Amino acid sequence: MNGNYYLLYGRGETPTGSSPLVLTYHGAQFIPPISDGMVDPATIQGNRSENRDDEVHSVMVRVHGVVMTVAFSIFGVIGIFFAAWMKPVLVQNYWWFQIHRAMMISSLLLGVFGFICIFVAHKEEMFDGHYGLVNLNNPKDTIHFILSFIIMFLLIANPIIALFRCKPNAPRRWIYNLIHGVIVGRLFELLVL
């Protein structure tokens with residue numbers, strides 16, 4: 001082969017002991033399937049780690065998963081629990097509210113951090129014409145992608161709504177409770193799980 005070519009990449013499992021070597025189904029790709037530029041095949045050595053740091057990508061994806069799990073499954077659940085169930089128990093000095101607020105702010109900050117992490121992990125796919133964040137061949141990935149934007153909107157909107165709450169004894173407090181706790185809060189809780 002003489003000249004330069006665009007390379008097509010594939011990654012998948014190979015059955016052990018297969019001769020000749022057979023590459024099985026590739027699955028969803030986390031890497032762009034085409035080389036960034038034309039390459040002379042005679043000069044290729046090793047893998048394509050020079051084009052992309054797969055280790056950093058893998059770490060960022062794992063950080064995203066861990067941070068989102070902690071944000072929503074621990075801090076979010078504890079915050080919702082204190083607002084829904086501990087209000088009558090810890091009514092003195094509004095301890096339930098202090099814990100609720102601390103947990104939900106922690107959930108917000110970790111959630112935004114985790115959301116940013118996944119975009120940093122997939123930055124190459126977003127800006128080079130590939131659609132690495134939305135895999136139309138895998139509905140699970142596409143639904144996860146769409147729901148993540150809805151969840152982040154709700155996560156950011158609810159504290160903003162809380163800034164405009166009225167006093168606890170105000171006659172229209174039920175409107176705030178309906179929007180903050182029932183509509184946005186319960187929808188967030190349902191989508192996160």
Side-chain angles (χ1 to χ4, degrees), residues 27-30 54-126 131-193:
Q29 297 293 318
F30 288 106
D54 287 332
E55 189 173 322
V56 171
H57 173 265
S58 178
V59 168
M60 292 304 284
V61 170
R62 285 188 176 97
V63 167
H64 162 76
V66 169
V67 166
M68 293 306 236
T69 301
V70 169
F72 300 144
S73 298
I74 296 175
F75 289 120
V77 169
I78 292 172
I80 292 168
F81 172 79
F82 272 86
W85 299 102
M86 298 306 287
K87 188 187 289 188
V89 176
L90 300 173
V91 73
Q92 184 181 11
N93 298 327
Y94 292 101
W95 278 108
W96 70 269
F97 179 71
Q98 302 302 329
I99 295 169
H100 169 72
R101 183 169 52 188
M103 293 295 113
M104 298 315 283
I105 288 172
S106 300
S107 178
L108 171 68
L109 295 175
L110 284 175
V112 170
F113 176 71
F115 193 67
I116 292 169
C117 281
I118 201 65
F119 282 97
V120 169
H122 289 285
K123 67 183 179 293
E124 292 176 9
E125 287 94 348
M126 290 191 310
Y131 303 101
L133 292 174
V134 179
N135 181 1
L136 297 177
N137 295 326
N138 188 347
K140 181 182 170 195
D141 289 347
T142 304
I143 290 169
H144 183 94
F145 179 76
I146 293 168
L147 284 179
S148 69
F149 280 96
I150 296 169
I151 289 168
M152 287 310 296
F153 172 78
L154 295 172
L155 184 65
I156 293 169
N158 223 11
I160 294 170
I161 293 167
L163 291 174
F164 297 101
R165 69 182 179 273
C166 52
K167 295 189 186 240
N169 297 334
R172 294 192 179 140
R173 177 67 180 223
W174 68 272
I175 298 171
Y176 164 76
N177 290 340
L178 179 69
I179 294 171
H180 177 75
V182 177
I183 296 172
V184 176
R186 293 288 182 223
L187 183 60
F188 169 78
E189 183 181 11
L190 179 71
L191 292 176
V192 164
L193 300 176

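Model, not experiment: these values are computed from the prediction. Computation of the quantities below employed the complete heavy-atom set of this structure, encompassing side-chain atoms and omitting hydrogens, waters and symmetry-equivalent molecules.
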Under a 4.5 Å cut-off applied to non-hydrogen side-chain atoms, are [X] and [Y] in contact?
X: W95; Y: V89; answer: no
X: L154; Y: I151; answer: no
X: I80; Y: R186; answer: yes

Within this structure, what is the [atom1]-[atom2] distance for the pair [X] and [Y], rounded to the nearest 0.5 Å?
X: N177; Y: C166; atom1: CG; atom2: SG; result: 7.5 Å
X: M68; Y: M152; atom1: CE; atom2: CE; result: 5.5 Å
X: I179; Y: W174; atom1: CD1; atom2: CH2; result: 8.5 Å

Tell me whether F149 at atom CZ has more than 12 heavy atoms from other residues, nucleotides or ligands lying less than 6.0 Å away. yes

Please say whether more than 12 non-hydrogen atoms of neighbouring residues, nucleotides or ligands are located less than 6.0 Å from CZ in F81. yes

Residues at least two apart in sequence or cross-chain that pass side-chain hydrogen bond (donor to acceptor under 3.5 Å, both in side chains) with R165, listed by chain then number, are none

Which atoms form the tightest heavy-atom contact between [X] and [Y], and what is the distance?
X: Y94; Y: P168; result: OH-CG, 4.4 Å
X: T69; Y: G65; result: OG1-O, 2.7 Å
X: R173; Y: K167; result: NH1-C, 3.6 Å

Report the residues that fulfil side chain to side chain contact (heavy atoms under 4.5 Å, CB included) with I183, sequence neighbours left out, ordered by chain and then residue number. L178

Tabulate below the donor-acceptor pairs under 3.5 Å that side-chain atoms of residues 99-118 make, not counting sequence neighbours, or state none.
from: H100; atom 1: ND1; to: G79; atom 2: O; distance (Å): 2.7
from: R101; atom 1: NH2; to: Q98; atom 2: OE1; distance (Å): 2.8
from: S106; atom 1: OG; to: A102; atom 2: O; distance (Å): 2.9
from: S107; atom 1: OG; to: A71; atom 2: O; distance (Å): 3.0

If you take the centroid of each ring, where Trp contributes its six-membered ring, are F188 and F72 closer together than 6.0 Å? yes

